[in-house]
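Notes follow the structure.
Chain A is the first sequence line, chain B the second, and so forth, proteins listed ahead of strands; every chain is numbered from 1.
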Number of protein chains: 2
Amino acid sequence: MKSLKILAVDDHKMTMLGYKYILEDFDFKDFKVKMDMEDSFDSGKLKIEEEVKKDSPYDIILLDIQLSPIKEGYSRTGEDLGIISRKISPNSKIVFLSSFSDNYRINSIMQTVNPEGYMVKTEINEDALTDMVNTVLTAPPFYTKKALIAIRNRMSTNIHLDDNDKKLLYYLSIGTKTKDMVEFVSLSLSGIENRKRQLKEIFGVDKENDYKLITAAKEKGFI
Amino acid sequence: MKSLKILAVDDHKMTMLGYKYILEDFDFKDFKVKMDMEDSFDSGKLKIEEEVKKDSPYDIILLDIQLSPIKEGYSRTGEDLGIISRKISPNSKIVFLSSFSDNYRINSIMQTVNPEGYMVKTEINEDALTDMVNTVLTAPPFYTKKALIAIRNRMSTNIHLDDNDKKLLYYLSIGTKTKDMVEFVSLSLSGIENRKRQLKEIFGVDKENDYKLITAAKEKGFI
DNA sequence: CAAAAACCACAGAAATTTTAAGGTTTTTGT
DNA sequence: ACAAAAACCTTAAAATTTCTGTGGTTTTTG
């Protein structure tokens, strides 16, 4: 029987092991699952490259969003690995696993990687896992309910923000003072004040406080 | 046992009847379905208003996208009825049914109505219907696979088009000559030419013919 | 309660988009 | 195959939009 190659990249080894046992034991119709595991960005990337070179790329790549806690220098996330995987192994189906449903992250990944699947870990069980494998192979996409809700939230608006707007919202959300934003956002102070006012209008929270703005933006997946 | 009120609005009476029989016969856990049917925009709207006035609004409203062939004057689509329903009966769950998976229409409806469900008719069967009812009531949204694919296509891009761009693409898709577009798009001829060039860049079909542009735009749900 | 930060309004500067006019290339109909 | 029409392209000036700097008022903070 044909064997189906899956790679899981996650720094929670135990979690991966659970997936591995479930999928390798399960009785799929046309194949038997063979799952490899890696626990870091670099080793994951290397494994993907190796298998591509051997002309036997992974059928499915499972990526945790939060990989290795910030290494020296800058951190490489599961999202980054997803982007790279698409390039070096374009025939592999990519599925993201995230610990919680983060509207912004999901939407960002939809644009940068456009994965065949997206699962929020609290929603994963044996059924969901095996379903995912079948769906992703034959008729993608597969999204768990919470992922779908995040996607729906975003789709239901046609607000378009440029880089400055996004940065502004982000720095606002981490408590940066308006006057300090000139360092991060390429606008003058009055420019920033203006944009902020506009953003409140766009999100329907005119004349309200910043908290309301951040909440609205988070709900719709912009932060 | 509690009864669940559903209204279906569709000008294919036989189709509705099929849904009615399936849903009314099915053994739901907590309720019995009672389904009303209307075959036009106006009668549908009236019925929704009546039930709201009687303080017993519909739990679920099923709307076909294509309603009555263009009446005298301008046509009122299922989408229009959806927008109105949301206003007059905000607690009803709205589910759209469409005969084919039209990327543009789906995306447009996601923004104007943001329905709890979206089903492409070729994908509807007894299971899907009953699933939809349960899901929409307890944990929306419910989208059939083809709807999901359309949504994914759109999500995977962050192209933003203004009104002129959309009009331009639309008129281009129905074969309007560039020189005639000045009538419909509020731009000069050279403005239109410019935009067209830009659009081709945005959609990654530089220097290619219009057909390629239209195809790309359709694929991503902009037409 | 004083200092800091946020907020607001407005005029001029800067940047972007649009237009008009000129031309070349491609498509269309006969 | 050829002439006319349409599409395409470039450029400079005009129009529009966005941004900045300034001088204020109001709100928040320690």
Which side-chain N or O atoms in residues 171-182 of chain B pair as donor and acceptor under 3.5 Å with protein atoms at least two apart or in another chain?
residue : atom : partner : partner atom : Å
B:S173  : OG   : B:Y170  : O            : 2.6
B:T176  : OG1  : B:Y171  : O            : 3.0
B:T178  : OG1  : B:K196  : NZ           : 3.1

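Under the 6.0 Å distance and 45° angle rule, B:R152 does not count as a cation-pi partner of A:Y118. A cation-pi contact, defined as under 6.0 Å to the ring centre and within 45° of the axis, is absent between B:K167 and B:F184.
Between B:L189 atom CG and D:dC8 atom C1' there is a gap of 10 Å when expressed in whole angstrom units.
Nucleotides of DNA chain C that come within less than 4.0 Å of any heavy atom of chain B span, from the 5' end to the 3' end, C:dT18 to C:dA20.
Counting any heavy atom pair closer than 4.0 Å across all strands shown, A:L187 reaches sugar-phosphate atoms only and no base atom. Heavy atoms of A:T178 sit under 4.0 angstrom from primed sugar atoms or phosphate atoms, though from no base atom. Contact annotation for A:D210: backbone-only contact, meaning every heavy-atom pair under 4.0 Å involves sugar-phosphate atoms and none involves a base.
Between the side chain of A:S188 and the base of D:dG21, no donor-acceptor pair of N or O atoms lies under 3.5 Å.
A search for salt bridge (Lys or Arg N to Asp or Glu O under 4.0 Å) contacts involving B:K47 returns B:D36, B:E51, not counting sequence neighbours.
Along DNA chain C, the nucleotide nearest to A:K200 and the one nearest to B:D162 differ in position, and the one closer to the 5' end is contacted by A:K200.
At D:dC19, one or more side-chain N or O atoms of A:R195 fall inside 4.0 Å of OP1 or OP2 (strictly under the cut-off).
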(request) Run the numbers on B:K13 and B:D39 for salt bridge (charged side-chain N to carboxylate O under 4.0 Å, His left out), then give the verdict. (result) CA-CA 7 Å; B:K13 301 201 185 73; B:D39 66 355; 3.2 Å; yes

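Shortest non-hydrogen contact noted between B:V120 and B:S101 is CG2-CB, 3.9 Å.
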